[in-house]
2 protein chains.
Amino acid sequence: MTLSPTVENYLKHLFTEQQDSDAELLPMGKLAAALAVTPGTATTMVKTLADAGLVTYEPRGGVRLTARGEQHALNVIRRHRVVELFLVKVLGLDWSEVHAEAEKLEHAISEKVLEKLDELLGRPDCDPHGDPIPRATGKLAVMQFKSLMECELGLPQRIMRVLGQDTGFLQTLHRLELVPGAKVTVQTRAEFTDSVNVKTAGGKTTALGASAAAKILVQPA
Amino acid sequence: MTLSPTVENYLKHLFTEQQDSDAELLPMGKLAAALAVTPGTATTMVKTLADAGLVTYEPRGGVRLTARGEQHALNVIRRHRVVELFLVKVLGLDWSEVHAEAEKLEHAISEKVLEKLDELLGRPDCDPHGDPIPRATGKLAVMQFKSLMECELGLPQRIMRVLGQDTGFLQTLHRLELVPGAKVTVQTRAEFTDSVNVKTAGGKTTALGASAAAKILVQPA
DNA sequence: GTTTTTACTTTGACTACTCAAAGTATCTAA
DNA sequence: TTAGATACTTTGAGTAGTCAAAGTAAAAAC
C-alpha cells in the first residue's frame with residue numbers, strides 16, 4: 001500500500017501530537033490545528049483513515065493511531081529526520097532551515113535511498129535538533145530530558161534536544177550558541193518574571209522566557 | 001509562480017519530445033503517449049498551460065513550449081539529472097535504477113538544495129547516462145554524437161551517452177560494459193540482418209540490434 | 001435545569017487531475 | 001468527391017483534497 005503525501009502528513013502529525021499530550025484520544029481540533037486545515041477537513045480525512053485501518057475514530061471523542069498507522073507514521077518521521085541530518089551534515093544547509101526542505105523531501109524518498117542515506121550518515125540516532133530517529137524496524141528511542149525550566153541550578157548541562165521548528169526561533173538559538181551539544185548553566189530562575197538566566201560556554205549570560213526555556217532540553221554534563 | 005509536479009512533468013516531456021522530433025509543433029498524440037495519459041487529458045492540460053503562457057497551442061495542430069515554458073522545463077531537467085548523478089556518485093545506487101528515483105525527487109528539490117548538490121558534485125556537465133545537465137542559467141549544451149549505427153568501422157570509440165531509461169536495457173548494457181566512458185570498436189555492420197558487431201575493452205564481441213545500437217552514442221577515442 | 005459556548009460534524013461547492021466514450025476535423029485512398 | 005481511417009477535442013463523470021458555513025452534541029456557566 002502506498003500512501004499519498006497528504007495521508008503521510010496526517011499520520012506524522014497524529015503521531016507527534018499524540019506523543020506530547022498523553023490523553024487516550026487526540027481531539028480533532030488539535031489535529032486540524034497541527035495540519036493547518038479546517039476542522040471539517042480533518043474530520044473527513046480521519047474517517048477515510050479509519051476506513052483504511054490506520055486510525056480509530058470516535059465521533060466527538062477524538063482519534064488515535066492504530067499499530068499499523070503508527071508504523072507508517074514512524075517511517076515518515078524516520079525519512080524526515082534522516083533527510084534533515086543529511087541536509088546539514090552533507091550539504092551544509094543551516095540548522096534552522098532544514099525542516100521546511102525535509103517536509104517536501106520526506107515524501108519523495110524511497111526505502112532504498114533512505115537506507116543509503118542512513119548508511120552514509122553512519123546510522124545516526126538523532127537529527128540536527130536532537131530529535132531521535134526511528135530505526136528502520138520502527139523502534140523509536142524515548143529519551144527523558146529535563147528542560148531549562150526544570151534542571152538543577154548552577155550545574156553545567158549539555159543541550160540534548162531543541163523542540164519546535166520555527167526558523168526564526170532556531171536562528172536566534174544558533175546566534176546564542178544554544179544548540180544541541182553546547183554546554184550551558186542555568187544561573188537563576190526568576191519566579192514571577194517568567195525568565196531564566198543561562199550562561200553559555202562562551203561566558204555570555206542570556207535571559208530566556210519560560211516558553212523558550214521549556215523547549216531546550218538538557219542533561220547534566 | 002510554483003508549478004505542480006504534474007505541470008512540471010508536462011513541461012519536461014514537452015521539451016524532450018520536442019527535441020528529438022524537430023517539427024514546428026509537437027502532435028498531441030506524441031505528448032499524451034510520452035506522459036502515459038489519454039489524448040483527452042493531454043488536450044485539457046495543454047489548454048491550461050497555454051492560458052498560463054507556458055506553451056502555444058494550435059487545436060489539431062500541436063503544441064510548443066514558449067520561452068518561459070522552456071526555462072521551467074530546463075530547470076526540471078536540471079534537477080532530474082543532478083539528482084541522478086548524486087544518487088550514483090554519492091549514494092552508490094545502480095546506474096540502471098536511478099531514473100525512477102529521480103522522477104520523484106526532482107519535484108521536491110528546492111533551488112537551495114539543488115545548488116548545494118551541484119556544488120558537491122563539482123558542477124557536473126552530464127548525468128550518469130551522458131545526458132547533458134542544463135546550467136542554472138538555463139543553458140543546455142547540445143552535443144552531436146554519432147551512434148554505433150553511424151560511426152566509423154574499426155576505429156576505437158568512446159561511449160559518450162546512452163539514450164533511453166528502461167531499467168532492463170540499462171542493466172544489460174552494464175553487464176556488457178557498454179556504459180558512458182567505455183571504449184568500443186564497431187567491427188562489422190551487417191546490412192540486412194539489422195545487427196552490429198561491437199568489441200568492448202574487455203576483448204569480448206557482442207552483437208547488437210539496430211534499435212539498441214542507435215541508442216549508444218560515441219565519439220572517436 | 002436551562003442557556004450559552006465550544007468543539008465537532010455535515011453539507012455543498014470548488015480545484016486539480018484523470019478516464020471513457022462520443023463527437024468532429026483532417027488526411028488518405030479509391 | 002466521397003468513404004473510411006486517423007487523430008484530435010469535447011463531454012460527462014470520478015477521485016483526492018480542500019474550505020465556508022450551517023447544523024448538532026456536549027460541556028460550561030448561570
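Chain naming here is simple, since letters A, B, ... match the order of the sequence lines and numbering starts at 1 in each.
- Here the nucleotide nearest the side chain of A:Arg60, chosen from D:dA25, D:dT10, D:dG17, is D:dA25.
- The phosphate of D:dT10 has OP1 or OP2 within less than 4.0 Å of a side-chain N or O from B:Lys47.
- The listed nucleotides are D:dT10, D:dT9, D:dC19; the one nearest the side chain of B:Thr44 is D:dT10.
- For C:dA16, the OP1/OP2 oxygens have no side-chain nitrogen or oxygen of B:Tyr10 closer than 4.0 Å.
- Remark: the B:His80 side chain and the B:Asp127 side chain contain no N/O donor-acceptor pair separated by less than 3.5 Å.
- For B:Val37, the side-chain atoms get nearest to C:dT18 when compared with the rest of C:dT18, D:dG17, C:dT24.
- Taking the side chain of B:Thr43 as heavy atoms from C-beta on, and the options C:dC17, D:dC19, D:dT10, the nearest nucleotide is D:dT10.
- Listed nucleotides D:dT18, C:dT18, C:dC8 differ in distance to A:Thr6; the shortest reach to its side chain belongs to D:dT18.
- In this structure, B:Tyr10 has its ring center no closer than 6.0 Å to that of B:Tyr57.
- Minimum atom distance to the side chain of A:Pro27 is reached by C:dC8, of the listed D:dC8, C:dC17, C:dC8.
- Under 3.5 Å, the side chains of A:Glu84 and A:His99 contain a donor-acceptor pair of N or O atoms.
- Taking 4.0 angstrom as the limit, B:Ser4 places a side-chain polar atom (N or O) nearer than this to OP1 or OP2 of C:dC17.
- Counting only distance, with no hydrogens or angles, the side chain of B:Asp94 and the backbone of B:Glu97 share no donor-acceptor pair below 3.5 Å.
- Residue-level contact check: B:Thr41 touches the bases, meaning some heavy atom is under 4.0 Å from a base atom.
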